[in-house]
Amino acid sequence: MQKFLTAVTMSAAALLLLAGNALAAPNTQPAEMARFDGDVVVRVQPRGDADLRLLEQLSDDPWTCGPSATGAVDYRISREQLATLTLHGVPFSVLIEDVQALLDADLAERNQPFENRAYFDTYADYTGVSNYVNTLVATYPGFVARISLGNSVEGREIFGMRVTSPVPPIGGVRKPVVVLNSLQHAREWITVTSNLYTTTELLSKYNTDAAAKSILDQYELVIIPITNPDGYVYTWTNNRLWRKNRRVTGTSTRGIDLNRNWSVGWGLSSGSSGSLSSDTYRGPSPFSEPETQVLRNYMLGVPKVVAHIDLHSYSQLILRTWGYQYADPIGLASINRIGSAMRDSVAATTGAAYTFGGSEILYLASGTAPDWVFGTLGAFSVTAELRDTGTNGFVLPTSFIVPTGNDVLSMVKTMIQKLCRADFNKDNVVDDSDFVNFAVAYETLTTNACDLTGDGITDDADFVVFAAAYEQLICP
Ligand SMILES: [Zn+2]
């Protein structure tokens with residue numbers, strides 16, 4: 001135990017410097033990197049289907065995957081295509097005047113020497129992230145264990161961490177698990193740093209922040225920083241704006257949208273595409289891709305997943321289930337209670353305005369990870385679309401890394417604090433019917449519904465946890 005405490009008292013600043021210096025050489029842009037000279041990103045307010053079809057014909061790079069609640073869509077297009085929009089009288093505003101200039105400025109900033117830079121001063125490539133995970137393992141022995149989920153299409157390791165305190169689980173072998181995965185979509189770099197920042201903050205504040213201690217004592221976090229390693233590497237070596245994985249799908253087509261490849265709601269054309277060249281191509285069948293398979297398999301092997309966030313960018317949204325349909329999910333009141341508290345806690349701590357809601361606030365997306373986690377495992381699950389709202393889109397300057405990391409830290413802390421384990425029937429109230437329902441399910445001792453400790457068995461320890469939560473007769 002002494003060893004743990006010594007490690008934890010090491011200052012966060014020292015740790016971050018250490019990790020920053022452990023990174024590889026500064027970022028240099030390979031000669032073959034795709035260029036986007038003269039391209040702009042526009043936010044279009046289509047007047048109807050004809051405008052949407054025109055956009056689809058003009059551009060192969062939508063930055064949003066369908067009309068939002070306001071009907072607006074963002075696209076990267078060339079100057080010539082911009083002229084075509086103007087010619088047709090399509091209403092638009094320019095979000096990014098010069099995509100290549102934004103990429104150049106971003107690279108110049110990242111090319112500054114690493115001396116005296118901390119890990120969260122800049123983005124790290126695949127190897128850098130892997131090294132950082134090892135740094136956390138070394139810095140917080142007993143708190144962090146590296147895990148390997150399997151390999152990507154091109155054979156890269158999909159790695160992650162199990163993060164929890166040495167305080168043992170109640171009556172079992174494993175605490176209830178909260179899964180945080182980022183970068184299903186390759187260009188959404190801010191999701192990787194935000195995930196690692198959140199993990200680092202919880203670990204480094206374990207001895208000084210009661211909320212961090214409570215979370216790591218009661219729960220285990222499973223952190224998957226790079227769900228799509230091939231795509232991520234490709235954004236560093238060939239095309240900063242790549243989204244999908246790197247599956248060869250044809251002579252000139254590559255990639256499957258991993259977040260359209262999960263089985264719940266899979267295959268609907270409202271929210272995914274059957275076209276090989278589409279940026280939302282769902283693949284030939286659910287879980288056709290190793291990247292989604294290994295994450296699914298890992299979660300199926302966990303006795304009790306209680307909450308999950310799938311991190312994306314951009315738009316500043318917290319999206320509840322369902323993603324693939326407008327119908328209300330079971331336990332909507334409880335989901336709304338947790339989700340709106342997450343939104344409010346971000347506003348209160350970092351000042352960033354996020355919108356919380358269902359698919360009506362963005363667009364339908366079918367075959368997503370959160371729908372699978374909620375629909376199959378019954379866990380609370382949201383998609384978090386991080387900063388910004390379109391000024392920089394996917395190419396978020398490094399100055400956003402820490403502020404956006406704090407958004408996610410706030411979301412994660414609030415989500416876990418607001419989980420209401422005693423609300424057994426998920427009606428957002430703790431009352432007698434929860435006790436009756438729990439007792440009935442408990443009697444069979446077989447279902448994992450009552451496995452509140454998350455150790456894979458239903459026993460007295462679960463009853464103790466339920467009774468303790470039930471005593472308060474109120475959701476947090
Ligand atoms: Zn995404």
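Contact check for Leu221 versus Arg162: no side-chain heavy atoms found under the 4.5 Å cut-off. For the pair Thr350 and Pro403, the minimum side-chain heavy-atom distance is 4.5 Å or more. The closest side-chain heavy-atom distance from Tyr197 to Tyr119 is not below 4.5 Å. Here the side chains of Pro290 and Ser152 are not in contact, with every heavy-atom distance at 4.5 Å or above. Looking at Thr235 and Leu241, their side chains never come closer than 4.5 Å, going by heavy atoms from C-beta outward. Side-chain contact between Val395 and Arg187 is absent, with no heavy atoms from C-beta onward closer than 4.5 Å. Looking at heavy atoms from C-beta onward, Pro329 lies in side-chain contact with Leu332 at the 4.5 angstrom threshold. Side-chain contact between Val137 and Phe143 is absent, with no heavy-atom pair separated by less than 4.5 Å.
The distance between the ring centers of Phe438 and Phe463 falls below 6.0 angstrom. Side-chain rings of Tyr232 and Tyr126 stay apart, their centers remaining 6.0 Å or farther from each other.
Residues Leu319 and Gly358 approach most closely at CD2-O, 3.7 Å, considering heavy atoms. Between Leu202 and Ala212, the closest heavy-atom pair is O-CB, 3.7 Å. Annotation for Ser182 and Pro225: closest pair OG-O, 2.7 Å, computed over non-hydrogen atoms. Considering all non-hydrogen atoms of both residues, Tyr354 and Leu317 come closest at CD2-N, 3.6 Å. In terms of heavy-atom proximity, Thr135 sits nearest to Thr139 at O-OG1, 2.6 Å. The nearest pair of heavy atoms linking Ile309 to Ala384 is CG2-CB, 3.8 Å.
Interatomic distance, CG of Asp310 versus NE2 of His185, reported as 8.0 Å (0.5 Å rounding). Here the straight-line distance linking atom CD of Gln293 with atom CG of Leu258 works out to 10.5 Å at 0.5 Å rounding. With rounding to the nearest 0.5 angstrom, the CD1 atom of Ile401 is 8.5 Å from the CG atom of Leu396. For the atom pair CG (Asn181) and OG1 (Thr191), the distance works out to 8.5 Å, reported to the nearest 0.5 Å. Taking CH2 of Trp372 as the reference point, atom CG of Leu377 lies at 4.0 Å (rounded to 0.5 Å). Atom CG of Leu180 is separated from atom CE of Met161 by 9.5 Å, given to the nearest 0.5 angstrom.
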With side-chain contact (heavy atoms from CB on, under 4.5 Å) as the test, would you mind laying out the steps for Val179 and Met299 before giving the verdict?
CA-CA 8 Å; Val179 178; Met299 288 195 274; 4.0 Å; yes
Set out, in order, the CA-CA distance, both residues' side-chain angles and the distance that settles side-chain contact (heavy atoms from CB on, under 4.5 Å) for Ile224 and Leu295, then state yes or no.
CA-CA 9 Å; Ile224 315 296; Leu295 185 49; 4.0 Å; yes
What's the verdict on side chain to side chain donor-acceptor pair (under 3.5 Å) for Glu289 and Asn261, showing C-alpha distance, side-chain angles and the deciding distance?
CA-CA 7 Å; Glu289 302 312 292; Asn261 191 240; 4.9 Å; no
Let me see the working for Leu216 and Leu203 under side-chain contact (heavy atoms from CB on, under 4.5 Å), right down to the final yes or no.
CA-CA 8 Å; Leu216 294 180; Leu203 285 165; 4.2 Å; yes
Does Val222 form a side-chain contact (heavy atoms from CB on, under 4.5 Å) with Val178? I'd like the steps, not just the answer.
CA-CA 6 Å; Val222 168; Val178 175; over 6 Å; no
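Side-chain atoms of Asp434 come within 3.5 Å of backbone atoms of Phe424 as a donor-acceptor pair (strictly under, hydrogens ignored). For Ser345 (side chain) and Met342 (main-chain N/O), a donor-acceptor pair under 3.5 Å exists by modelled atom type. In this structure a side-chain-to-backbone donor-acceptor pair under 3.5 Å is present from Lys244 to Gly255. Remark: side-chain polar atoms of Ser366 are paired, donor with acceptor, to backbone N or O of Leu268 under 3.5 angstrom. Listed for the Arg246 side chain is no donor-acceptor partner under 3.5 Å among the backbone atoms of Glu154. Distance alone, capped at 3.5 Å, places no donor-acceptor pair between the Asn245 side chain and the Glu291 backbone. Checked by atom type and distance alone, the side chain of Arg320 never pairs as donor or acceptor with a backbone atom of Phe380 at under 3.5 Å. No donor-acceptor pair closer than 3.5 Å links the side chain of Lys205 to the backbone N or O of Ala211. Between the side chain of Ser410 and the backbone N or O of Asn406 there is no donor-acceptor pair closer than 3.5 Å. Counting only distance, with no hydrogens or angles, the side chain of Gln316 and the backbone of Leu386 share no donor-acceptor pair below 3.5 Å.
When only modelled atom types and interatomic distance are considered, Thr200 and Tyr132 share a side-chain donor-acceptor pair under 3.5 Å. Side chains of Asp423 and Tyr470: a donor-acceptor N/O pair is absent below 3.5 angstrom, by distance only. For the residue pair Tyr206/Asp217, the side-chain donor-acceptor check at 3.5 Å is satisfied. There is a side-chain donor-acceptor pair under 3.5 Å between Thr398 and Glu109. Side-chain contact of Gln184 with Asn228: a donor-acceptor pair under 3.5 Å is absent, judged by distance alone. For the residue pair Ser272 / Arg260, no side-chain donor-acceptor distance below 3.5 Å is found, with atom types taken as modelled. In summary, the side chains of Glu188 and His312 do present a donor paired with an acceptor at a separation below 3.5 Å, with no hydrogens or angles considered. Counted by atom type alone, Thr458 and Asp451 present zero donor-acceptor pairs between their side chains at under 3.5 Å.
With respect to Glu220 and Lys304, no salt bridge is recorded, no charged nitrogen being found less than 4.0 Å from a carboxylate O. Comment: Arg156 engages Asp230 in a salt bridge, judged by a side-chain N to carboxylate O separation of less than 4.0 angstrom. Of the charged side-chain nitrogens involved, at least one lies within less than 4.0 Å of a carboxylate oxygen, so that Lys413 and Asp209 count as a salt-bridged pair. Between Arg387 and Asp407, at least one side-chain nitrogen of the basic residue sits less than 4.0 Å from a carboxylate oxygen of the acidic one, meeting the salt-bridge criterion. Salt bridge status for Arg421 with Asp462: absent, with no side-chain N to carboxylate O gap under 4.0 Å.
Geometrically, Arg110 engages Trp236 in a cation-pi contact, judged by NZ or CZ lying under 6.0 Å from the ring centre and within 45° of the ring axis. Cation-pi contact between Arg282 and Trp266: present, with separation from the ring centre below 6.0 Å and deviation from the ring axis of at most 45°.
Under a cut-off of 6.0 angstrom, the local environment of CD1 in Ile147 is crowded, with over 12 non-hydrogen atoms contributed by other residues, nucleotides or ligands. When the shell of 6.0 Å around CD1 of Ile330 is examined, it contains 12 or fewer heavy atoms from other residues, nucleotides or ligands.
Here the rule is side chain to side chain contact (heavy atoms under 4.5 Å, CB included) with Asn195, and of Ile223, Val129, Ile190 only Ile223 fits it. Only one option out of Tyr123, Tyr314, Phe400 pairs with Phe394 in a ring-ring contact (aromatic ring centres under 6.0 Å, His included); it is Tyr314.
The side chain to side chain donor-acceptor pair (under 3.5 Å) pairs that include a residue from residues 321-340 are Arg337-Asn428, where partners are two or more places apart or lie in different chains.
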